[in-house]
Amino acid sequence: MAQASDIRVLHEPSQSDLREREGRAYGGSAEGIRHHYDVSNDFWPLVLGPTMTYSCALFESAQDALDDAQNRKISWHLNASGAPAAKSALDVGCGWGSVLEAFSRIPSIQRSVGLTLSDAQAEYLRQRDIPRAEVRVENWAVHRPVESYDSIISVGALEHFAKREESRDEKISVYRDFFARCRQWLHPTGRMSLQTIAFGNMKREDASDFMNSDIFPDSDLPFLDELIEAMSGLFEVVALRNDRLHYARTYDRWANNLRQNRGKAAGIVGEEHVERTMRYFKLTSMGFRMGKQHLLRFALRPLVRDWAVTGADYWGARV
Amino acid sequence: MSEKTPDALAIQTWCMNYIARILHADIDRLDPEVEVERLGLDSSTAVALIMSLEDWLGIELMPELLFDHPTIGGLSKHLASRVTGAVAQGAMA
């Protein structure tokens with residue numbers, strides 16, 4: 001059996017899968033991300049609640065509390081990415097740190113890394129000082145890990161990778177670059193989980209200007225087939241769920257929280273911003289209910305040459 | 001709300017006028033017992049309707065309402081019972 005030191009080296013997918021970083025906005029525009037998230041660290045808790053998780057929750061019933069549903073979602077990703085047995089873990093697009101916090105409660109994880117492009121989120125996380133977690137204000141396209149990861153989670157980041165003006169092929173090559181890098185950073189026995197919004201029964205050109213320019217500038221959504229094409233030869237799909245109605249419900253809960261805290265929120269960001277956010281929440285909820293957008297969750301296993309690894313049913317780090 | 005609480009018919013009339021206005025449609029040709037989707041509402045006009053109803057009635061409404069009550073007739077009856085409930089609750093407080 002190989003020594004731990006032997007198998008922790010990073011291995012290379014083909015160079016054609018990787019792209020040089022092209023321009024400041026490649027792989028996620030810092031300006032676009034700051035526009036949406038860097039409102040104020042006092043604003044988002046009023047909307048998101050104590051978990052500070054800004055992505056689709058996982059409900060068991062309509063009566064579930066939002067916080068319970070958010071924690072269930074995080075557990076799903078921990079299990080899908082083999083985190084309970086991992087030694088090192090990465091969160092691409094770590095937000096306000098709910099996944100890093102969950103990593104820190106897993107005894108086997110000695111080191112976790114969170115990437116974000118938001119200064120406000122990084123500042124918030126520095127104050128939280130999560131044990132064994134390193135937070136980097138860094139684009140995944142320039143991330144250079146010091147050693148491989150056993151577990152990679154990315155929730156609600158991929159929506160920012162591609163730009164609206166890019167062609168289908170350009171979008172796929174950005175996604176493929178992302179999957180190739182994750183595949184390269186992942187230990188052969190590692191796992192990855194991914195959550196993203198995707199276009200459903202709508203055409204890309206029908207996306208509303210309000211959403212694309214006012215709410216999420218410099219961002220575009222993938223189609224499921226683009227992701228499948230982008231990961232082909234790099235990952236196999238272990239599980240895939242489309243939980244779009246869970247996201248409609250999540251947005252409804254955020255709208256509810258915002259309404260209840262309306263006075264306080266308006267004091268922080270202004271009445272007009274509150275009104276705009278409310279409209280965005282309702283529109284998005286409606287879009288998920290109508291199936292215009294889907295919410296995809298993937299459990300992925302890296303494709304490796306070694307059939308002894310491919311056929312083994314262990315999860316997480318080989319100790 | 002300072003005026004008297006609207007009943008189902010008042011809410012229905014308000015909705016039909018609103019829809020006729022935003023869709024530039026003849027109100028007499030809009031059937032309140034037909035699904036709002038078939039009246040021609042899309043996601044943004046449906047959300048506009050919901051948010052305007054919220055402002056008018058002073059209660060919180062979620063988009064799922066239109067899936068539970070897909071006709072204006074049914075929606076109006078449901079909303080009438082909610083505003084009556086909200087008024088009763090307010091009177092008790």
Side-chain angles (χ1 to χ4, degrees), chain A residues 47 59 61-64 66 197 199-203 205-215 221 243-263 265 271-272 274-294, chain B residues 1 5 11 14-16 18-19 21-25 30 32 34-76 78-79 81-83 85-87 89-90 92-93:
Chain A
V47 176
F59 290 88
S61 78
Q63 285 72 44
D64 267 354
L66 177 62
I197 306 172
F199 283 124
N201 57 9
M202 71 183 289
K203 291 195 208 93
E205 55 269 28
D206 293 341
S208 88
D209 284 338
F210 169 70
M211 293 286 288
N212 268 318
S213 50
D214 281 24
I215 304 291
L221 299 179
D243 283 329
R244 65 181 171 81
L245 291 177
H246 293 239
Y247 218 169
R249 182 165 294 145
T250 305
Y251 271 100
D252 291 348
R253 299 297 179 85
W254 290 338
N256 212 311
N257 287 345
L258 184 53
R259 182 169 296 271
Q260 281 174 6
N261 295 309
R262 190 166 194 142
E271 184 61 42
E272 196 230 317
V274 170
E275 190 60 37
R276 205 153 48 95
T277 307
M278 193 70 95
R279 184 164 158 245
Y280 154 63
F281 285 171
K282 304 244 171 190
L283 263 178
T284 311
S285 167
M286 190 58 120
F288 280 110
R289 286 210 178 259
M290 288 179 157
K292 287 170 170 247
Q293 287 131 344
H294 293 171
Chain B
M1 270 175 301
T5 312
I11 295 173
W14 190 96
C15 289
M16 297 312 276
Y18 185 90
I19 292 171
R21 198 168 64 243
I22 55 173
L23 296 182
H24 308 291
L30 297 176
V34 153
E35 283 85 7
V36 287
E37 181 188 354
R38 289 178 53 206
L39 295 181
L41 287 189
D42 62 9
S43 60
S44 58
T45 43
V47 167
L49 170 68
I50 283 174
M51 292 186 77
S52 304
L53 275 169
E54 280 183 324
D55 288 343
W56 179 48
L57 299 174
I59 52 173
E60 169 147 36
L61 305 174
M62 294 300 175
E64 64 184 296
L65 204 62
L66 285 178
F67 299 87
D68 295 338
H69 309 280
T71 68
I72 293 301
L75 177 72
S76 303
H78 167 81
L79 291 177
S81 71
R82 276 186 58 184
V83 262
V87 169
Q89 226 174 32
M92 271 160 51

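For the numbers below, each heavy atom of this structure counts, side chains included, while hydrogens, waters and symmetry mates do not. Reminder, nothing fancy here: chain letters follow the sequence lines and each chain counts from 1. Computed from a predicted structure; not experimentally measured.
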> What part of B/Leu61 lies closer than 4.5 angstrom to a heavy atom of chain A: side chain, backbone, both or neither?
Replying inline: backbone
>> Tell me the closest heavy-atom pair linking B/Val47 and A/Leu283, and the distance in Å.
In response: CG2-CA, 3.8 Å
> Of the backbone (N, CA, C, O) and the side chain (C-beta and beyond), which part of A/Ala248 lies under 4.5 Å from a heavy atom of chain B, both, or neither?
Replying inline: neither
I'd like a table of all donor-acceptor pairs linking chain B to chain A (distance under 3.5 Å, no angle check), giving the atom names and the distance to one decimal.
unit_1, atom_1, unit_2, atom_2, d
B/Ser43, OG, A/Lys292, NZ, 3.4
B/Glu54, OE1, A/Arg259, NH2, 2.9
B/Glu54, OE2, A/Arg259, NH2, 3.3
B/Glu54, OE2, A/Lys282, NZ, 2.6
B/Glu60, OE2, A/Arg259, NE, 3.4
B/Leu61, O, A/Lys282, NZ, 2.5

> Could you give the distance from CE (A/Met286) to CZ (B/Phe67), rounded to the nearest 0.5 Å?
Replying inline: 4.5 Å
>> Holding to ring-ring contact (aromatic ring centres under 6.0 Å, His included), I want the full list of residues that pass it with B/Tyr18, two or more places apart in sequence or in another chain.
In response: B/Trp14
